[in-house]
Structure formats: C-alpha cells, structure tokens
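Read the structure below first, then the notes.
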Number of protein chains: 2
Amino acid sequence: METKTALTVLSGLAQESRLGIFRLLVEVGHQGLFAGEIATRLEIPATTLSFHLKNMSGAGLVVSERQGTSIRYSANFDVMNGLVSYLTANCCGGDLNACAPK
Amino acid sequence: METKTALTVLSGLAQESRLGIFRLLVEVGHQGLFAGEIATRLEIPATTLSFHLKNMSGAGLVVSERQGTSIRYSANFDVMNGLVSYLTANCCGGDLNACAPK
DNA sequence: TTTTTGTTTCCATAATTCTAGAATAATGGA
DNA sequence: TCCATTATTCTAGAATTATGGAAACAAAAA
C-alpha cells in the first residue's frame, strides 16, 4: 500500500461516525447492511450517513451493491489488512522483534 | 483500546506530515530522532513540526525525552499495536477466519 | 551574565471537514 | 404512469484543523 492510499484509508477511519460505521460492518461480516439499517442502528441522519459512506467508498473501506431500492454496504477487509501491513512495514530498520506486540 | 482512544490515534496518523513523522520514527526504531533531525529530514518548518509532535504525543503515538537542549522523539509501538488489535477485534461476529488476510 | 542552539507557544490566516435540510434520482409495485 | 421507498447530491453554515512567522522559553556553553 502506498502512503497516499494509507492516508486516505486512515482519514476514512479517523472520524467518529465513520469509525462507528466501519466497526459495525466489521462485526456484521461479509453480508453487510443496507444503508437504512446503518442509519437506524447508529442513529445518523440519512444525508450525513450518505456523506460518510461516500467517503469510505472512495477510500475503499466499504463496498456496495444495489438490491432493489436498497444498497447493501459491507466492510472491505483487504483494505483494513493492507493498512495494518503498511503501518508495521519497515519497522525498526528490519528488526521485526523490536516493534512486535509483547 | 477504547473507541475514543482509537479515534485519537487514527486522527494522529491521518495527516500527511504526521504519517511521515510516524513512519520515519518507526523505521528508525527505539532510539528515535531529535526534533531538529525530523524537521531537516522531512523538510518541515520547526513550528509546524512542533504542532504535529504535540498532537502525536497527546495521542500517545510518540514519546519524548529531553537531552540537553534537544528533545528526542520515538514511536510508541504499543499504541500502534493496540490500534491494529482494535481494528480487527470482534470481526465477523467471531468468525476470525472471515476477515483474516489471505 | 550573555550568547547560542533547539524547541515550543502564541497568533492570524487559510483551508478543510462535518452536519443536516431541501431537492433530486433510482427502483419496483400497483 | 403514478406512487412509495430508499438513497444520493446540492448547498451553506458551523466547526475543526493546518500553516508558519514572531516571540518566548529552556538548557548549556562562553
């Protein structure tokens, strides 16, 4: 993952509403949730939610699929895992143990 | 890690200068760098750097130690690892394999 | 004490981001 | 076609964040 992408992903998560959306979708798993369900569960106005979902889609954090009048959103786990790799890459000049969790 | 903390940490990383600072400190490892060295290497004005380092200190992303007139900054690996754990916790309703890297 | 080096705080400006109402669009059923 | 449902775009105001120069501050050396 490139730095520019990592920044976009981090910005996509560094906001209360969006982090809540992402965590909810991560917990739900691959089947995801309809936009309306997310709005109801998190008590976010539809327009505000749409603003954040657009941001997250652009960052690749979520993927969407239309089903009739509804749109199903789910977390993109690959991007999350890529971010984790990015943050821990090139750690400590190659000494992997130096920054590993204890 | 609590959601509020995770948000602070994510915000601490979701900015071009700060991500650059963090990555540099991660690569350097535990010995860290003096503020002036960071400013020189990344070509960031001292006042701007100080602003960001203060932000990152508050988020726990870096720790500092004065040595004479200089201040040495180094990455806090525990916080980074905590963030990684937070993001992957409670994934897929407990089905750990569902969101693991392939 | 005065000077020098390194860093931070203060401040004004600029830029970005968040919020949510009104209007608009897309889908599918009657 | 008309209507109900669901979701998005447009818009503008509010709030937050970033930038960098001037000044202040801290520590060590002259």
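Predicted, not measured: the structure shown is a model, and the values here were computed from it. Chain A is the first sequence line, chain B the second, and so forth, proteins listed ahead of strands; every chain is numbered from 1.
- Judged by distance alone, with hydrogens and angles left aside, the side-chain atoms of B:Gln15 form no donor-acceptor pair with the main-chain N or O of B:Gly12 at under 3.5 Å.
- In this structure, CG on B:Leu10 lies 8.0 Å from CG on A:Leu83, to the nearest 0.5 angstrom.
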Which donor-acceptor pairs under 3.5 Å do the side chains of residues 37-59 of chain B make with protein atoms, sequence neighbours left out?
unit_1	atom_1	unit_2	atom_2	d
B:Glu37	OE1	B:Phe34	N	2.9
B:Thr40	OG1	B:Gly36	O	2.9
B:His52	ND1	B:Arg18	NH1	3.1
B:Ser57	OG	B:Leu53	O	3.1

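- In this structure, the side chain of A:Arg66 does not engage the main chain of A:Arg72 through any donor-acceptor pair within 3.5 Å.
- Using a 4.0 Å cutoff on non-hydrogen atoms, the parts of residues 56-74 of chain A near DNA chain C are A:Arg66, A:Gly68, A:Thr69, ordered by number.
- For B:Phe34 and D:dA28, the CZ to P distance is 12 Å, given to the nearest whole Å.
- In this model, a donor atom of one side chain and an acceptor atom of the other lie less than 3.5 Å apart for B:Tyr86 and B:Thr3.
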Protein within reach of the bases, or only the backbone? For nucleotides 9-24 of chain D, mark each nucleotide 5' to 3' as B, S or -, using heavy atoms under 4.0 Å.
B--------BBBBB--
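- Heavy atoms from other residues, nucleotides or ligands lying under 6.0 Å from CD of A:Glu27 number more than 12.
- Residue-environment remark: CD (B:Gln67) exceeds the threshold of 12 foreign heavy atoms within 6.0 Å.
- Connection of A:Val62 to B:Leu7 is established within a shared hydrophobic cluster, with ILVMFWY side chains joined at heavy-atom distances below 4.5 Å, either directly or through further cluster members.
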